[in-house]
There are 2 protein chains.
Amino acid sequence: MALDERKKCILKAVVDDYIATAEPVGSKALVSRYHFKVSPATIRNEMAELEELGYLEQPHTSAGRVPSDKGYRAYVDTLLPVEDITREDAERISRYLSDSLDELTSLIRRASSVLSEQTGYTSVALSPQLHRSQLQQIKMLMIEPGRALVVVVLSAGVVKDRLVRIPDLLDAQQLMQVASAIESGLAGMKLDDITLVTVAAAARQTPVPDSLLNQVLYEAYVSIKQADNLEVYMDGTHNLLSFPEFSDVNKAREHLMTLTSSGMIAGYMNEMKDQEDQGASAGESTDLSEPEPPGAASRPAYTVRIGQEILLDGLQDCSFVTTTYKMGDYVAGRIGVIGPKRMTYGKVISHISFIKQTLNEQIRSLAAGRDRTEDHEDEA
Amino acid sequence: MALDERKKCILKAVVDDYIATAEPVGSKALVSRYHFKVSPATIRNEMAELEELGYLEQPHTSAGRVPSDKGYRAYVDTLLPVEDITREDAERISRYLSDSLDELTSLIRRASSVLSEQTGYTSVALSPQLHRSQLQQIKMLMIEPGRALVVVVLSAGVVKDRLVRIPDLLDAQQLMQVASAIESGLAGMKLDDITLVTVAAAARQTPVPDSLLNQVLYEAYVSIKQADNLEVYMDGTHNLLSFPEFSDVNKAREHLMTLTSSGMIAGYMNEMKDQEDQGASAGESTDLSEPEPPGAASRPAYTVRIGQEILLDGLQDCSFVTTTYKMGDYVAGRIGVIGPKRMTYGKVISHISFIKQTLNEQIRSLAAGRDRTEDHEDEA
DNA sequence: AATTAGCACTCATCCCGCAAGAGTGCTAAT
DNA sequence: ATTAGCACTCTTGCGGGATGAGTGCTAATT
């Protein structure tokens with residue numbers, strides 16, 4: 001059932017044209033715009049066959065053709081024009097990302113903002129998940145009687161803090177004792193393995209009356225657990241209003257609503273997080289011939305979800321291109337772009353790939369900067 | 001040039017009707033819907049006069065009338081139907097706001113979210129400006145060699161922190177020395193009065209080599225200054241897509257763009273911040289008779305900007321209802337609602353007023369909770 | 001003097017129909 | 001296998017009543 005060379009060419013041309021114009025593309029326009037050496041009639045026959053096979057659809061009789069989800073899929077998997085971002089862009093972006101004040105979250109946030117800016121679509125990023133990283137430090141700082149700041153430092157170098165209420169009678173020294181007891185008891189443990197019980201056990205021998213201790217321990221525990229809170233950064237949400245597919249305000253509103261009910265997206269992305277991306281081509285199956293087109297094989301992995309493949313209600317007219325970023329050796333989070341199915345996949349993927357790469361480098365160099373505080377020249 | 005009673009009645013009816021329906025309102029509809037005891041012809045004459053006077057306008061010759069900015073102004077200033085939020089709403093909201101974990105910013109953020117949710121418009125809030133509050137504590141916590149967390153506590157009870165790079169050679173004890181030197185030197189000073197020079201002076205006698213000291217001092221200074229950073233919280237931006245006035249996608253997009261280029265709104269609100277709101281009626285002038293309608297006088301102050309009165313490009317079809325909140329005795333920030341000119345002013349104002357009041361109470365009780373750590377029963 | 005009934009007039013809006021145009025599918029010729 | 005030709009379909013755009021809501025004006029009424 002593989003497509004012959006000419007069909008591929010035509011499919012590619014149709015998708016390209018539709019991406020560019022957002023209008024159904026007809027046989028005549030195709031030959032004139034893409035210099036085919038055959039007549040419109042031939043193209044028509046081919047297109048009819050492509051429609052038969054499910055790669056194209058007609059909005060109505062006597063309109064041009066529009067790619068189906070399957071058509072986009074094939075396009076993305078095997079026909080994708082390889083694009084590269086310009087040297088200047090690459091440098092500007094990596095410079096912008098590299099002065100992110102040592103803050104992992106600010107790095108991710110910026111990456112997201114870069115993506116939406118560069119692609120013109122909506123970008124989404126998941127904060128890194130840290131449940132597999134270890135507790136390194138926990139400090140408690142008395143702000144005033146009854147209030148304290150809990151600072152949690154994780155092995156990943158991530159610092160989170162949180163204001164809490166504590167018993168008024170607890171003094172600064174006791175607070176410090178509790179904190180250092182917890183720290184020495186739990187340092188090196190994975191976040192996953194820390195429970196209220198382990199926290200309590202660690203602080204058992206501190207000379208602080210139980211009546212005061214309990215609340216503090218609870219807050220410490222919550223603070224540690226909260227260090228792993230999943231967050232979503234989104235940028236350029238209103239970009240999608242520029243596209244004709246959302247010229248209907250109600251549709252647009254619905255999309256925005258779905259997007260900004262961030263819990264949904266977070267959950268969805270988080271579910272995909274663990275499944276590693278499949279190299280240069282994406283997850284879903286197609287029945288086109290060559291699984292490894294030349295040139296694209298060297299790109300970092302990414303995932304493309306098209307139309308119905310997205311299991312989130314309200315985003316079925318969209319495509320969702322994502323990739324993961326790592327911390328150390330495990331997948332930490334996911335970052336991606338949401339746009340109309342008629343997306344400039346080539347451009348988006350090149351940017352996503354670049355971001356993935358840069359992000360991984362930056363994270364690695366942040367970590368390295370923490371272990372050995374010298375050598376900063378490991379920029380790619 | 002004062003309007004007689006009947007004209008006022010008619011104006012009010014027109015505005016009410018237009019707010020409800022978003023469609024030009026005609027004489028016939030008016031008499032039937034609002035039980036006037038006169039005939040449509042009389043209403044027509046009156047409306048013609050109201051148009052002459054500038055309170056109404058006609059979109060085209062044979063359509064009904066629509067309020068002009070001046071019409072809305074008069075409506076807001078003297079005709080506003082007094083609305084009160086329900087007891088349940090009031091309780092739910094104040095309960096929601098009161099468990100804001102002691103965090104001022106989270107309080108403001110929640111207030112903003114409540115506003116947009118309750119009114120169905122877009123809400124905007126400015127973070128409190130703290131430049132007039134005093135530095136109370138500054139701590140520096142070594143995270144690892146070369147990295148520290150600077151924690152700044154202000155008299156307002158606000159805690160801000162920031163990750164910074166410090167010289168690798170500086171050890172934890174030196175860092176603490178520097179911090180406590182700065183703290184004892186500057187505690188009690190207003191943020192406004194703290195400069196790099198005063199910071200340096202405070203830390204002069206610490207036994208830390210200058211070569212290491214400078215960077216730390218600078219970071220401390222920046223952290224202190226950043227405690228006063230102006231932030232904007234916005235909620236329900238996409239609500240405005242529900243209104244027919246934004247059914248044109250381009251207009252909608254433009255509005256969203258203006259709104260989300262948060263710098264503009266922040267600046268604008270910040271400029272208005274210092275001018276205190278004028279009691280129950282608003283800033284701009286009108287020539288209606290009674291300046292103090294009964295019932296509305298008891299409301300907290302607020303400001304209404306209508307249409308052209310808003311000096312921000314792109315929001316000229318909107319109205320902007322804001323109020324201020326205080327910390328101690330000075331105006332700390334501003335919070336408000338942006339919606340179509342055809343806004344349910346009564347409802348919005350009642351909510352804004354309630355929020356203002358609740359916010360002030362909460363802030364006061366936060367402060368009180370810090371001074372005397374007892375008594376929590378000062379809820380209104 | 002204020003109110004109202006009556007009437008002519010003005011426009012937006014809706015709907016219908018028609019022509020134009022783009023695109024297709026099919027068939028027959030190359 | 002390709003292509004030219006042609007009939008057919010269906011959307012889109014446009015003009016033209018018809019509709020109807022609403023106005024302004026005038027003259028009659030209270």
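Note on naming: letters A, B, ... go to the chains in the order of the sequence lines (proteins, then strands), and numbering restarts at 1 for each one. Bear in mind that the values here come from a model prediction, so they are computed numbers and not experimental data.
- Atom C1' of nucleotide dT4(C) and atom CZ of Arg6(B) are separated by 12 Å, given to the nearest angstrom.
- If you run side-chain contact (heavy atoms from CB on, under 4.5 Å) between Ser112(A) and each of Asp235(A), Val124(A), Val337(A), only Asp235(A) comes through.
- Note: Tyr72(A) and Tyr18(A) have tilted aromatic rings, judged against thresholds of 30 and 60 degrees for the angle between ring planes.
- Cation-pi check for Lys70(B) over Tyr55(B) is met; the charged atom lies under 6.0 angstrom from the ring centroid and within 45 degrees of its normal.
- Following rounding to the nearest Å, His60(A) (NE2) and dA22(C) (P) show an atom-to-atom distance of 13 Å.
- The distance between atom CG of Asn45(B) and atom P of dT4(C), rounded to the nearest whole Å, is 10 Å.
- From the 5' end on, the contacts that DNA chain D makes with chain A at under 4.0 Å to a non-hydrogen atom open and close at dT2(D) to dT11(D).
- Using a cut-off of 4.0 Å between Lys/Arg side-chain N and Asp/Glu carboxylate O, Lys7(B) and Glu46(B) are scored as salt-bridged.
- For Arg44(A) and dA22(C), the shortest distance from a side-chain N or O to OP1 or OP2 is not below 4.0 Å.
- In this entry the distance linking CZ of Arg65(B) with C1' of dA12(C) reads 16 Å, nearest Å.
- Inspection of the Thr237(B) and Thr122(B) side chains reveals no N or O donor paired with an N or O acceptor under 3.5 Å.
- With respect to the salt-bridge test (charged N to carboxylate O, under 4.0 angstrom), the residues Glu57(A) and Arg65(A) do not qualify.
- Open room surrounds CD on Glu254(B); 12 or fewer heavy atoms of other groups in view lie less than 6.0 Å from it.
- Taking atom CG of Leu30(A) as the reference point, atom P of dA22(C) lies 15 Å away to the nearest angstrom.
- Ion pairing between a basic and an acidic side chain is recognised when a charged N comes within 4.0 Å of a carboxylate O; Glu309(B) and Arg73(B) show such pairing.
- Taking a pair as Watson-Crick or G-U with both hydrogen-bonding distances under 3.5 Å, the stems of three or more pairs touching DNA chain C are C:1-30 with D:1-30.
- Residue side chain Thr61(B) does not reach the base of dT10(C) through any donor-acceptor N/O pair under 3.5 Å, judged by distance alone.
- The CD-P distance, from Gln58(B) to dC11(C), rounds to 10 Å in whole Å.
- Each of dT4(C), dT10(C), dA12(C) was ranked by its minimum atom distance to the side chain of Val38(B); first place goes to dT4(C).
- No hydrogens or angles considered: a donor-acceptor pair under 3.5 Å links the side chains of Asp16(A) and Tyr75(A).
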